[in-house]
Chemist: 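Before I ask anything, let me first share the structure, which is written out below as structure tokens.
Position 1 is the first residue of the sequence; numbering continues from there. Counting starts at 1 for both ligands and their atoms, in listed order.
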Amino acid sequence: MDKLLIEGGVALKGEISISGAKNAALPLLCAALLTREPVSFSNVPDLNDIATMLKLLAQMGVRVGRAGDQVTLDASALTNPVAPYEMVKTMRASILVLGPLLARCGEARVSLPGGCAIGARPVDQHIKGLHAMGAEIAVEQGYVHAKSLRLKGARLFTDMVTVTGTENLMMAACLADGETVIENAAREPEVVDLANCLVAMGAQISGAGTDVIRIRGIERLNGCEYRIMPDRIETGTYLCAAAATGGDICLRGTSAAYLDAVIDKLMDAGCEIETTRDSIRLKAPVRLNAVSIRTSPYPAFPTDMQAQFMALNAVAEGAAVIRETIFENRFMHAVELIRLGADIRIDGNTAVVRGVAGLDGATVMATDLRASASLVVAGLVAKGETLIERIYHLDRGYERLEQKLAALGAKVRRVK
Ligand code: EPZ
């Protein structure tokens with residue numbers, strides 16, 4: 001298994017480009033299932049999760065073409081509306097084929113994703129919504145079996161804000177008979193990106209980005225060409241790395257528009273931030289102020305940035321309180337940060353981080369995607385060498401990570 005070796009203590013300086021958003025690309029690729037016509041995406045990030053999704057779609061009969069950051073999907077000949085366990089277990093977002101397959105083929109057999117490191121990750125809201133739209137759904141032998149001649153528009157209410165739940169139901173509703181209203185909908189920018197693409201395919205959707213989304217079902221959708229939005233979490237991760245190392249970087253091909261909560265916290269921490277329509281520049285102070293955070297659904301502070309901010313707080317001046325309200329087990333990076341010398345106390349879903357003067361390199365282990373990112377941030381700060389094991393987690397969500405870090409002056413290399 002690959003490892004990442006980082007020689008810390010270098011302030012990041014320079015300029016890199018941000019890739020397309022993983023969490024927009026994953027549902028967008030599934031949207032291609034809704035039409036017989038070809039759909040072309042650009043700015044598709046080169047990530048393991050994207051490769052897994054393309055493999056999953058191909059085994060259903062989707063013709064997949066790929067050249068650089070362009071992906072073309074042709075779902076005219078769907079032969080196998082099944083998402084098998086072997087593929088779903090490696091990537092939970094596979095559940096996003098359920099709604100489109102049911103809407104397009106009238107049936108779907110999708111393996112339950114199962115839990116992951118950060119939590120149980122149930123999909124009961126996805127199932128509840130599709131059932132409300134008239135689908136017959138049985139959960140047997142670890143699979144969701146869904147059938148429906150034609151889904152019916154319905155008023156849906158999710159018990160909690162769910163990003164992929166909202167996306168699955170929105171996609172299913174596009175081809176339903178009548179109007180669907182999703183209340184308590186997720187407002188994440190990736191949901192809006194998906195809605196914009198569906199509208200480009202001919203869907204009738206209003207309210208995306210608010211907590212009430214209305215979809216008027218139609219008979220069929222057309223193909224389209226669509227450019228995927230920039231990855232706001234990749235953006236936030238590099239901003240944290242520059243902040244923690246006392247650096248000065250510029251990120252291109254990204255927008256501060258989707259990161260208000262994160263940028264506010266970085267400014268509270270003492271960073272100077274300048275933004276243009278498609279770039280963000282961050283200049284870090286000599287020492288950061290500790291900043292407390294509480295994760296919540298968009299537009300509040302994103303849970304996917306919580307681990308990175310724990311690393312930043314580990315070396316800030318003062319103490320920070322971090323509340324994780326979205327997932328039940330998303331502090332596994334804490335024990336690894338403590339191995340690097342951080343002073344962190346966990347009590348349930350609350351962590352108290354007392355900034356220390358510096359961290360010392362050590363061997364640490366990545367447990368999930370954003371926890372791994374947190375260890376990279378800490379390794380860049382720590383004196384001496386940090387060796388991060390199990391970095392396949394990182395490869396799921398960060399395109400060309402070591403190349404981008406090296407372009408910012410970091411001393412980092414991948415070792416077998
Ligand atoms: C999406 O996951 C993202 N993944 C996650 O990013 C992100 O952390 C999460 O949203 C929250 O922003 C993708 O978009 C592919 P949820 P998702 O449904 O949709 C509970 C990353 O690092 N819930 O919004 O799976 C759930 O357990 C990943 O890129 C139910 O109980 O998250 C959680 O506590 C990690 N039943 C909360 O809701 C359901 O049916 C929010 O989950 C659905 C969700």
Chemist: Hey, looking at atom 7 (C) of ligand 1, which of Val161, Asp304, Asp159 has the closest heavy atom?
Modeler: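 Residue with the shortest heavy-atom distance to the ligand atom: Asp304.
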Chemist: Which of the numbered atoms in ligand 1 are below 4.0 angstrom from a heavy atom of Val123?
Modeler: 39 (C), 40 (O)
Chemist: Only heavy atoms of Arg370, strictly under 4.0 Å: list the atoms of ligand 1 that pass.
Modeler: 21 (C), 22 (O), 29 (O)
Chemist: Distance to 0.1 Å, residue and atom name: give those for the protein heavy atom nearest to atom 26 (C) of ligand 1.
Modeler: Phe327 CE2, 4.2 Å
Chemist: Check this for me: Leu149, atom CG, are more than 12 non-hydrogen atoms of other residues, nucleotides or ligands nearer than 6.0 Å?
Modeler: no
Chemist: Ignoring hydrogens and angles, state whether a donor on the side chain of Thr303 or Glu324 is under 3.5 Å from an acceptor on the partner side chain.
Modeler: yes
Chemist: With a 4.5 Å limit on heavy-atom distance, are the side chains of Arg252 and Glu15 in contact?
Modeler: yes
Chemist: Is there a polar contact, in the sense of an N or O pair closer than 3.5 Å, between Glu328 and ligand 1?
Modeler: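 No.
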Chemist: Any nitrogen or oxygen of Glu188, main chain or side chain, under 3.5 Å from a nitrogen or oxygen of ligand 1?
Modeler: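 No; the residue has no nitrogen or oxygen that sits under 3.5 Å from a nitrogen or oxygen of the ligand.
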Chemist: Can an N or O of Ile326 be found at a distance shorter than 3.5 Å from an N or O of ligand 1?
Modeler: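 Checking ligand 1 against Ile326, an N or O pair does fall under 3.5 Å apart.
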Chemist: Can you tell me the protein heavy atom closest to atom 16 (P) of ligand 1 and the distance?
Modeler: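 Atom 16 (P) of ligand 1 sits closest to the protein heavy atom Val163 N, 3.7 Å.
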Chemist: Judged by modelled atom types alone, do Ser19 and Lys404 share a side-chain donor-acceptor pair under 3.5 Å?
Modeler: yes
Chemist: Enumerate the atoms of ligand 1 whose separation from the nearest heavy atom of Lys22 is less than 4.0 angstrom.
Modeler: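 This gives 21 (C), 29 (O) as the contact atoms.
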Chemist: Using side-chain contact (heavy atoms from CB on, under 4.5 Å) as the criterion, list what pairs up with Leu401, not counting sequence neighbours.
Modeler: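 Leu401 satisfies side-chain contact (heavy atoms from CB on, under 4.5 Å) with Leu4, Tyr238, Val376, Leu394, Tyr398, Leu405 once adjacent residues are dropped.
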Chemist: Please indicate whether any nitrogen or oxygen in Ile118 is less than 3.5 Å from any nitrogen or oxygen in ligand 1.
Modeler: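 Checking ligand 1 against Ile118, no N or O pair falls under 3.5 Å apart.
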Chemist: Give me the residue, atom name and distance of the protein heavy atom closest to atom 39 (C) of ligand 1.
Modeler: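 Of every protein heavy atom, Pro122 O, 3.1 Å lies nearest to atom 39 (C) of ligand 1.
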Chemist: Could I get the full list of side-chain contact (heavy atoms from CB on, under 4.5 Å) partners for Met160, not counting sequence neighbours?
Modeler: Gln125
Chemist: Side chains of Thr367 and His333: does their closest heavy-atom pair fall under 4.5 Å?
Modeler: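 Not in contact.
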Chemist: Show the atoms of ligand 1 that are less than 4.0 angstrom away from any heavy atom in Met160.
Modeler: 23 (N), 30 (C), 31 (O), 36 (N), 38 (O)
Chemist: What do you reckon, is CZ of Arg150 surrounded by more than 12 foreign heavy atoms closer than 6.0 Å?
Modeler: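 For Arg150, atom CZ is crowded (more than 12 foreign heavy atoms under 6.0 Å).
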Chemist: Against heavy atoms of His126, which atoms of ligand 1 measure under 4.0 Å?
Modeler: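 This gives 40 (O) as the contact atoms.
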Chemist: Show the atoms of ligand 1 that are less than 4.0 angstrom away from any heavy atom in Arg330.
Modeler: 8 (O), 22 (O), 35 (C)
Chemist: Among Arg232, Lys22, Arg330, whose salt bridge (Lys or Arg N to Asp or Glu O under 4.0 Å) with Asp304 holds?
Modeler: Arg330
Chemist: Quick test: of every protein heavy atom, which one is nearest to atom 3 (C) of ligand 1, and how far off is it to 0.1 Å?
Modeler: Asn23 ND2, 3.7 Å
Chemist: What do you reckon, are the aromatic ring centroids of Tyr143 and Tyr85 less than 6.0 Å apart?
Modeler: no
Chemist: What atoms of ligand 1 come closer than 4.0 angstrom to any heavy atom of Arg121?
Modeler: 2 (O), 17 (P), 25 (O), 27 (O)
Chemist: Are there more than 12 heavy atoms of other residues, nucleotides or ligands under 6.0 Å from atom NE2 of His145?
Modeler: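 For His145, atom NE2 is crowded (more than 12 foreign heavy atoms under 6.0 Å).
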Chemist: Look at atom 18 (O) of ligand 1 and say which protein heavy atom is nearest, naming residue and atom and giving the distance to 0.1 Å.
Modeler: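 Closest protein heavy atom to atom 18 (O) of ligand 1: Thr162 OG1, 2.7 Å.
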Chemist: Suppose I only count heavy atoms of Gln125 and a 4.0 Å limit; which atoms of ligand 1 are within that range?
Modeler: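 Answer, ordered by atom number: 36 (N), 39 (C), 40 (O).
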Chemist: For atom 17 (P) of ligand 1, grab the closest protein heavy atom and report residue, atom and distance to one decimal in Å.
Modeler: Thr164 OG1, 3.6 Å
